[in-house]
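Both ligands and their constituent atoms are indexed starting at 1 by order of listing. None of these values were measured; they are calculated from a predicted model.
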Amino acid sequence: MNEILQAVLQRRAVKVFAPVEIPEEIRDQILNAARHAPSSFNTQPYRFYWVQTAKEKTAVAKLCLGQMPAETASALVVAVADIGSLAATSQGQLEWMRTRSEFSEATIRDYERAAKISRILFTPGPLGVFGAVKWGVLWLLNLWKVMGMPPLFRQDLFKWATKSTSLACENLMIAAEALGINTCPMEGFDSRRLSRYLGLSSRYHEIVMVIAIGKKSPTYLEPPQWRRPLEATVTIL
Ligand SMILES: Cc1cc2nc3c(=O)[nH]c(=O)nc-3n(C[C@H](O)[C@H](O)[C@H](O)COP(=O)(O)O)c2cc1C
């Protein structure tokens with residue numbers, strides 16, 4: 001079988017890990033694979049916190065409700081949707097484009113203009129007032145024009161960023177699997193306390209999931225894997 005497909009099909013949410021260290025090189029490969037996931041407008045609106053020291057891991061595992069995968073993992077990855085990173089990201093991409101001969105001055109100018117427009121579209125403003133105004137205008141426009149709605153309010157922005165963050169998480173888990181490392185995604189955690197522990201801002205950051213990482217314990221037996229039948233999850237038109 002194709003190696004990538006094999007990693008996808010054999011990945012399981014592992015609940016008990018063996019006490020082994022993840023080599024730095026493997027860690028970096030896993031994190032690098034995560035950031036290669038596709039993201040909306042290539043904004044990569046996330047930050048991963050890789051928690052590996054014993055002290056930090058114990059504290060974070062406790063905030064993951066003391067779940068077994070968290071308690072036994074070699075590392076815990078906290079995946080955070082970060083809507084405060086957008087301006088710096090487009091600035092970074094712009095600077096990168098300026099160093100590349102493939103991009104003409106006109107392409108760079110177009111990108112700069114598009115980045116400015118999306119900044120306006122993606123800014124909810126104080127108390128979401130600007131978002132409400134934009135919503136009204138776009139709603140009227142949508143009455144006669146086929147168009148997509150950008151995320152207008154802070155909660156929409158977090159939902160939007162969560163999609164790209166989740167794709168990066170899946171990349172991370174498949175890459176780990178391909179490298180012989182097991183994972184368990186978790187949404188069982190105390191979001192408020194974990195955010196405070198990591199020094200996150202509720203204005204810009206939302207924890208999407210925590211991924212426990214390590215080598216499956218030899219004593220752990222996975223239950224058989226069940227999935228809904230294909231026809232229950234797919235509509236072919
Ligand atoms: C968003 C999300 C949240 C999850 N949260 C937890 C969790 O808090 N604790 C846990 O043990 N497993 C958690 N899981 C793992 C699921 O239980 C597991 O993926 C599912 O039962 C299917 O098993 P499999 O991944 O081995 O096929 C979560 C999975 C996802 C995708």
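- If you check the side chains of Ser104 and Thr107, you find a donor sitting under 3.5 Å from an acceptor.
- For Arg11, the heavy-atom gap to ligand 1 drops under 4.0 angstrom.
- With contacts defined as side-chain heavy-atom distances shorter than 4.5 Å, the pair Trp50/Ile22 qualifies.
- Taking each heavy atom of Ala61 and Ala70 in turn, the nearest pair found is CB-O, 3.6 Å.
- By the definition of a contact as any protein heavy atom under 4.0 Å away, atom 20 (C) of ligand 1 is not in contact.
- Nearest heavy atom pair, residue Leu5 against residue Asn2, reads N-OD1, 2.9 Å.
- Between Cys184 and ligand 1, not a single N/O pair is under 3.5 Å apart.
- Close approach to Gln225 involves these atoms of ligand 1, each under 4.0 Å from a residue heavy atom: 24 (P), 27 (O).
- Of the protein's heavy atoms, Glu187 CG, 3.3 Å lies nearest to atom 3 (C) of ligand 1.
- Remark: Asp156 does not engage Lys159 in a salt bridge, criterion side-chain N to carboxylate O under 4.0 Å.
- The side chain of Gln67, and not its backbone, has at least one atom closer than 4.0 Å to an atom of ligand 1 (non-hydrogen atoms only; side chain from C-beta on).
- Judged by the shortest distance from any of its heavy atoms, Arg227 lies inside the 4.0 Å radius around the atoms of ligand 1.
- Within the 3.5 Å criterion, the main-chain N or O of Leu63 finds no donor-acceptor partner in the side chain of Asp190.
- Any N or O atom pair closer than 3.5 Å counts here, and Pro69 shares no such pair with ligand 1.
- Classification of Glu71 and Lys57 as a salt-bridged pair fails, no side-chain N sitting under 4.0 Å from a carboxylate O.
- Between Gly188 and ligand 1, an N or O atom pair is found at a separation short of 3.5 Å.
- Ring pair Phe153/Trp160: centre-to-centre distance not below 6.0 Å.
- Distances from atom 14 (N) of ligand 1 to the heavy atoms of Ala70, Ala13, Pro185, Pro223 put Pro185 nearest.
- When non-hydrogen atoms are compared, ligand 1 lies under 4.0 Å from the backbone of Arg12 as well as from its side chain.
- Under 4.0 angstrom from ligand 1, the non-hydrogen atoms of Lys15 all belong to its side chain.
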